[in-house]
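Accompanying notes for the structure given below.
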Amino acid sequence: MPSPEFRLYDSLSRTVKPITTTEPGHLRLYSCGPTVYSYAHIGNFRTFITTDLVIRTAQAIGWRVTSVGNITDVGHLTEDNVADASGDDKMAKALQSKEGESFANVWDLARYYANAFESDWANLNLLPLSVRPRATEHMREQIVAVQALIEQGHAYETPTGVYFSVESFADYGKLSGNRDREELQVAVRDIVQDDNKKNPADFALWKKDDKHLMQWFSPWGWGFPGWHIECSVMAQKYLGDTIDLHGGGEDLRFPHHECEIAQAEAKTGKPFCDHWFHVTFLQVEGEKMSKSKGNFFTARDIFAQGFSPLALRMALISVPYNKPHNFTIQTLKDSQAHTERFQESLSRIAAHGLEPDTFPTDSPNNPYQTIYEEALAAMLNDLNTSVAVAKALEGNKQILRDPLTAESAAHAAWFLRKMNELLGIVYNTQATADTHLEEEAEPIIAGHPISELIIQRAEAKNQRTSPLPIGSANRSPVPDSNSVTPPKEPLGAK
RNA sequence: GGCGACGUACCCAAGUGGUUAAGGGGAGGGACUGCAAAUCCUUUAUGCAUCGGUUCGAAUCCGAUCGUCGCCUCCA
């Protein structure tokens, strides 16, 4: 039986098109992960949940999925296009911040936040990825790739580092539309000019810097890799030269993904990836969420206000991934109520001796079959989560209306299992004792609207008061003892 | 300058040419209850930013206009 089409908007061709797999029924996808210099925020998770939904939807139509999502645990420069070596390093900066005081060094800091990230990941019911590579553990591969690019004439060494030559790769700009020379100049408008670069748009593959907090020895001396090289190298290592699908936040489209394409295709001469998805940035209470504004929330901030992780998950997917989504306290409250109604169904079903672990995987003549199929069809149509969630609620409403018998309870259990496999909003199958929330939840919701907290926080920020009203409560300044290991001497570290 | 998204009821939001414009929230009415909460039932857009066009037929396609927003810079 041919598998149904899984249609997804492709940023490269700018059309909605079916996902094709190199190997029939086997999807290989790469999703760009976070730089772990702080706790991941809800906008990060909109992106990661989108990848999770791609995986779940693919599995729902019987595909095998090999998923790779990196953790960037190298600081890089805050301004990656800046050619001089004076830019600040994200992780070094974090280490110098108030919260960073408790860490002995950047290695500890990265390890702590990477662990926190994986814990949030599980709490939000995200499926484990097949491979979760870290940049620091793939230094050799990155160095080898840079060497290859130099040998092929796509890269050159300068006194400050190694740069990729944009002119050597004709397709540079095909993803972002920054194709001609002049447009490119504007796209990278704020760069600091470095006379060592042949072209202002050339980007760093390796930075020479023997003062950097994280450094490795290379054929070009002590230094660290450019930001873009890790992803294309790790994607190709685990998924092959050509991968089926690649995604990330919309900010990564340019320059990050554009540079990944250039590096990967220049090196192998083969297409790197034919299908790209980008997740639109979240807004919060009608405003752009950004670090500089201080109105962003970590997942933990939301949990600390008494909202369940599944409620956050549901709120984040209530609007499709590629549409503007204004995240509000109202949506979060609604989602919390819906989550509780799923709980109600689960406990009624439990009265018939059925627990999620024992929910049937098969259920002939199930009256909920149609609703499930409608939800699946919505997901296959460019991840229409609004409709899929509506279907989950519709089915749940019917369950709550039904004075359950043993038979109808089994039908309901099947439905909830299938919806949960597809959307992950009914019950958590990923959280374990290791991923407990660090603090007991605060009383609740109504008295703590996020909108108020945003204002308080912004005011506090303006007045430079400390501690911040949000986030401080659940941010243990002292890392868990088991999450900190002595700084591991990495391969080639000085 | 480049790339892109959006404008549907009080609010969020689905809708990819064809019978009565999903779903959720809110609000009104009702059932249940000693009262309330919860729950259940029910009502709530002759209308889809504006104007023009294509069509037997358009919220859906095309054009123009107005408006809002995002990314390209730290950021997913």
Side-chain angles (χ1 to χ4, degrees), chain A residues 7 9 11-12 14-16 31-35 37-38 40-51 69 72 76-82 87-90 93 117 173-180 182-192 227 247-258 277-283 286-293 296 314-316 318-338 340-341 344 371 374-375 378 381-382 384-397 400-403:
Chain A
R7 300 174 62 76
Y9 183 84
S11 322
L12 186 56
R14 305 182 213 288
T15 55
V16 178
S31 172
C32 287
T35 302
Y37 60 98
S38 181
H41 57 71
I42 58 178
N44 295 125
F45 281 109
R46 167 133 108 141
T47 298
F48 304 137
I49 290 172
T50 298
T51 301
T72 298
H76 299 302
L77 301 178
T78 50
E79 297 166 73
D80 290 288
N81 282 316
V82 175
D88 289 322
D89 175 292
K90 283 179 226 170
K93 223 167 153 180
F117 174 65
K174 70 177 175 182
L175 180 64
S176 61
N178 294 321
R179 295 217 68 140
D180 72 54
E182 283 181 22
E183 284 171 3
L184 207 52
Q185 295 282 6
V186 179
V188 293
R189 61 190 179 216
D190 288 329
I191 63 167
V192 173
W227 172 40
E250 64 173 319
D251 59 320
L252 299 182
R253 187 167 172 174
F254 186 89
H256 185 58
H257 288 158
E258 192 75 67
F277 68 95
H278 291 97
V279 180
T280 304
F281 269 20
L282 203 61
Q283 291 190 264
E287 267 208 288
K288 173 183 160 63
M289 182 173 77
S290 73
K291 305 211 164 178
S292 55
K293 276 191 184 171
F296 79 96
M314 195 187 297
L316 287 173
S318 63
V319 177
Y321 75 98
N322 55 358
K323 293 260 176 22
H325 183 179
N326 180 16
F327 184 90
T328 63
I329 180 66
Q330 188 58 52
T331 306
L332 199 47
K333 281 161 116 174
D334 293 348
S335 300
Q336 179 77 30
H338 292 136
E340 285 161 9
R341 286 168 59 80
E344 175 66 17
I371 301 179
E374 287 168 351
N381 183 17
D382 201 19
N384 190 334
T385 46
S386 293
V387 169
V389 170
K391 292 298 166 186
L393 298 180
E394 186 183 331
N396 195 237
K397 197 170 183 175
L400 289 171
R401 255 196 304 247
D402 180 6

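In what follows, every chain begins at residue 1, and chains take the letters A, B, ... in the order their sequences are listed.
- Taking the P atom of each, B/C10 and B/U50 are spaced 14 Å apart, rounded to whole Å.
- Atom CZ in A/Phe327 sits roughly 21 Å away from atom P in B/G24 (whole-Å rounding).
- Under the Watson-Crick and G-U wobble criteria, each requiring two contacts below 3.5 Å, nucleotide B/U46 is left unpaired.
- Atom P of nucleotide B/G26 and atom NZ of A/Lys333 are separated by 10 Å, given to the nearest angstrom.
- Across all strands shown, A/Asn44 has heavy atoms under 4.0 Å from base atoms, whether or not it also approaches the sugar-phosphate.
- Within the nucleic acid shown, A/His338 comes within 4.0 Å of sugar-phosphate atoms alone, with no base atom in reach, counting heavy atoms only.
- Distance check on atom P: B/A13 versus B/C6 gives 12 Å, rounded to whole Å.
- Here A/Tyr9 and A/Tyr321 keep their ring centres 6.0 angstrom or further from each other.
- Per the geometry, NZ belonging to A/Lys391 stands 10 Å off P belonging to B/G24, to the nearest Å.
- Regarding A/Met314, its CE atom lies at a distance of 17 Å from the P atom of B/G23, rounded to whole Å.
- Of the N and O atoms on the side chains of A/Thr280 and A/Glu250, not one donor lies less than 3.5 Å from an acceptor on the other residue.
- Among the heavy atoms of the strands lying under 4.0 Å from A/Gln330 are primed sugar atoms or P, OP1, OP2 only; no base atom is included.
- Between A/Arg253 atom CZ and B/G70 atom C1' the separation is 12 Å, expressed in whole Å.
- Taking atom C1' in both B/G17 and B/G26, one finds a spacing of 33 Å when rounded to whole Å.
- In this structure, A/Arg341 reaches the sugar-phosphate backbone alone: every heavy-atom distance under 4.0 Å involves primed, P, OP1 or OP2 atoms, never a base.
- In this structure, A/Glu394 pairs ionically with A/Lys391, as a charged nitrogen and a carboxylate oxygen lie closer than 4.0 Å.
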Name the pairs: protein N/O against N/O of nucleotides 9-16 of chain B, kept only if under 3.5 Å.
| residue | atom | partner | partner atom | Å |
| --- | --- | --- | --- | --- |
| B/A14 | O3' | A/Asn384 | ND2 | 2.9 |
| B/G15 | OP1 | A/Asn384 | ND2 | 2.5 |
| B/U16 | O4 | A/Asn381 | OD1 | 3.0 |
| B/U16 | O4 | A/Asn381 | ND2 | 2.7 |

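- Here the side chain of A/Ala390 is nearest to one of B/G23, B/C40, B/G25, namely B/G23.
- The shortest distance between the side-chain N/O atoms of A/Arg401 and the OP1/OP2 oxygens of B/C41 is below 4.0 Å.
- The phosphate of B/G24 (OP1 or OP2) has a side-chain N or O of A/Lys397 nearer than 4.0 angstrom.
- Look at B/G7: its Watson-Crick or wobble partner, with both distances under 3.5 angstrom, is B/C66.
- B/A76 has its base stacked against the ring of A/Phe281, the centroids being under 5.5 angstrom apart at an interplanar angle below 30°.
- Across all strands shown, B/C71 forms a Watson-Crick or G-U wobble pair, both distances under 3.5 Å, with B/G2.
- Residue contacts shown for A/Gln283 are limited to sugar-phosphate atoms, with no base heavy atom under 4.0 Å away.
- With sequence neighbours excluded, the residues forming a side chain to side chain contact (heavy atoms under 4.5 Å, CB included) with A/Ala315 are A/Phe327, A/Thr331, A/Leu332, A/Ser335, listed by chain and number.
- Of the candidate nucleotides B/G24, B/G4, B/C71, B/C71 has the atom lying nearest to any side-chain atom of A/Asp251.
- Backbone-only contact: A/Gly248 has heavy atoms under 4.0 Å from sugar-phosphate atoms and none from a base.
- When rounded to the nearest whole Å, the span between NZ of A/Lys288 and C1' of B/G4 equals 15 Å.
- With B/C3, B/G24, B/C71 as the candidates, the nucleotide lying closest to the side chain of A/Arg14 is B/C3.
- Across all strands shown, nothing is found opposite B/A38 as a Watson-Crick or G-U wobble partner with both distances under 3.5 Å.
- Atom CD in A/Glu394 sits about 8 Å away from atom P in B/G24, given to the nearest Å.
- The interatomic distance linking A/His278 (NE2) with B/C71 (P) rounds to 14 Å, in whole Å.
- Checking B/U33 for Watson-Crick or G-U wobble geometry (two distances, each under 3.5 Å) identifies no partner in any strand.
- Using Watson-Crick or G-U wobble geometry with both donor-acceptor distances under 3.5 Å, B/A14 finds no partner in any strand shown.
- Distance noted for atom C1' between B/G34 and B/G29: 22 Å (whole Å).
- Side chains of A/Glu287 and A/Gln283: no donor on one and acceptor on the other come within 3.5 Å.
- Of the candidate nucleotides B/C71, B/A76, B/G25, B/A76 has the atom nearest to the side chain of A/Leu282.
- Place A/Gly286 and A/Leu175 on RNA chain B by their nearest nucleotides, and A/Leu175 ends up nearer the 5' end.
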